[in-house]
Amino acid sequence: MCYGLQSYDHNVFANGNAAELLGLPLIPAHSVASGEDILHGVNYASAAAGILDVTGRNFVGRIPFARQIANFEQTLDQMTASLGAAGVSQALASCLFFVGMGSNDYLNNYLMPNYPTRNQYNAQQYANLLVQQYRVDLLRLYNLGARKFIIGGLGLMGCIPSILAQSMTSSCSQQVNDLVTPFNANVKTMLNNLNAELPGAHFIYLDIENMFRDILTRPAAYGFSNINTGCCGLGRNRGQVTCLPFETPCSNRDQYVFWDAFHPTAKVNIIMGRRAFNGDLSVAYPMNIQQLANLE
């Protein structure tokens with residue numbers, strides 16, 4: 001059973017925790033997947049990748065979402081050679097496709113001083129641009145045979161260490177949080193429309209913002225003592241320079257919400273993964289991952 005087109009950088013819960021709860025193996029990266037491995041799923045994720053091809057251009061090795069889908073098409077060719085067209089179609093109908101895009105389109109595009117984007121679009125206009133392209137890409141996946149989609153929304157990006165480090169008070173940036181609010185709203189509307197328009201398609205939305213807000217609001221309830229500093233990194237909030245090779249991280253990472261300047265720790269991902277797997281409508285809509293997997 002395939003279960004991935006994972007495109008959310010460092011999203012352990014999609015590839016690890018939820019897979020474990022479903023009784024599935026961890027899946028290999030596209031760059032190393034071959035043979036029978038591809039029949040169990042492939043990870044197409046790329047650091048710094050965005051919905052827009054120009055996002056993350058400072059990182060020459062990044063693989064934009066459109067190219068990730070092109071890589072998936074290569075996998076389909078390999079699967080067709082093994083299973084035949086009818087077999088591939090049947091297999092894809094039960095696969096889970098996890099897609100979580102958008103964060104880099106803000107962090108490695110809109111909020112970067114070397115991009116003109118902020119001067120070209122306001123928050124709503126940029127969200128419209130992103131989700132318009134997002135819809136094109138998701139339709140492309142649907143036309144390739146994907147039917148079960150798990151779409152992750154954006155979290156409270158104004159509260160990550162790289163943004164906190166820009167404030168002398170280490171406070172969350174409401175401006176950045178408000179910036180991404182239209183994106184999440186647009187994605188929810190898009191998914192409702194796709195569910196209504198596409199025969200046999202099931203799109204579910206994971207409310208990362210809601211889950212993350214609960215963790216930041218009640219950290220002690222989850223066993224966290226640090227909510228504003230990276231476990232690994234340099235400078236204010238350990239967010240001015242992200243974790244470098246051979247850098248010594250904190251010794252108590254399970255007490256940290258953030259691993260580095262941008263990403264949550266594995267513990268946070270596990271918590272959110274379990275909630276997304278069997279949680280209620282406040283975290284997964286219109287159903288959770290377990291319910292989606294059980295659909296015939």
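- In the displayed structure, Gln90 atom CD is contacted under 6.0 Å by at most 12 heavy atoms of other residues, nucleotides or ligands.
- With hydrogens and angles disregarded, a donor-acceptor distance shorter than 3.5 Å links the side chain of Asn288 to the backbone of Gly279.
- Of the inter-residue distances, the one linking Met190 atom CE with Leu139 atom CG reads 9.0 Å to the nearest 0.5 angstrom.
- Under the 4.5 Å side-chain contact rule for hydrophobic residues, Leu164 and Val268 do not share a cluster.
- Glu73 and Arg140 are joined by a salt bridge, as a carboxylate oxygen and a charged side-chain nitrogen come within less than 4.0 angstrom of each other.
- Formation of a donor-acceptor pair under 3.5 Å by the Gln125 side chain with backbone atoms of Asn122 is found in this model.
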So Tyr106 and Phe262, ring pair (Phe, Tyr, Trp, His ring centres under 6.0 Å) or not? Walk me through it. CA-CA 12 Å; Tyr106 289 93; Phe262 304 101; over 10 Å; no
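- Summarising the local packing, OH of Tyr222 is surrounded by more than 12 heavy atoms from other residues, nucleotides or ligands at distances under 6.0 Å.
- A salt bridge between Asp214 and Arg275 is present, with a side-chain N of the basic residue lying under 4.0 Å from a carboxylate O of the acidic one.
- Ring geometry, Tyr121 versus Tyr126: the interplanar angle falls from 30° to 60°, so the pair is classed tilted.
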Go through the steps to decide whether Asn58 and Asn114 satisfy the test side-chain hydrogen bond (donor to acceptor under 3.5 Å, both in side chains), and finish with yes or no. CA-CA 10 Å; Asn58 293 341; Asn114 60 329; 3.2 Å; yes
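- Residues Val241 and Ile163 fall into different hydrophobic clusters, defined by Ile, Leu, Val, Met, Phe, Trp and Tyr side chains chained together at heavy-atom separations under 4.5 Å.
- Taking the six-membered ring for Trp and thresholds of 30 and 60 degrees, Phe72 and Phe97 have ring planes more than 60 degrees apart, a perpendicular arrangement.
- Linking ILVMFWY residues whenever their side-chain heavy atoms come closer than 4.5 Å, directly or via other members, places Leu194 and Leu295 in the same cluster.
- Sulfur-sulfur distance for Cys250 and Cys232: not below 2.5 Å, with no disulfide indicated.
- Around atom CD of Gln175, no more than 12 heavy atoms belonging to other residues, nucleotides or ligands sit under 6.0 Å away.
- Few gaps surround OH on Tyr115; more than 12 heavy atoms of other groups in view lie less than 6.0 Å from it.
- Note on Leu130 and Tyr134: same hydrophobic cluster, where clusters join Ile, Leu, Val, Met, Phe, Trp and Tyr whose side-chain heavy atoms are under 4.5 Å apart, directly or indirectly.
- Open room surrounds CZ on Arg253; 12 or fewer heavy atoms of other groups in view lie less than 6.0 Å from it.
- Hydrophobic clustering (ILVMFWY, side-chain heavy atoms < 4.5 Å, transitive): Met101 and Tyr205 are in one cluster.
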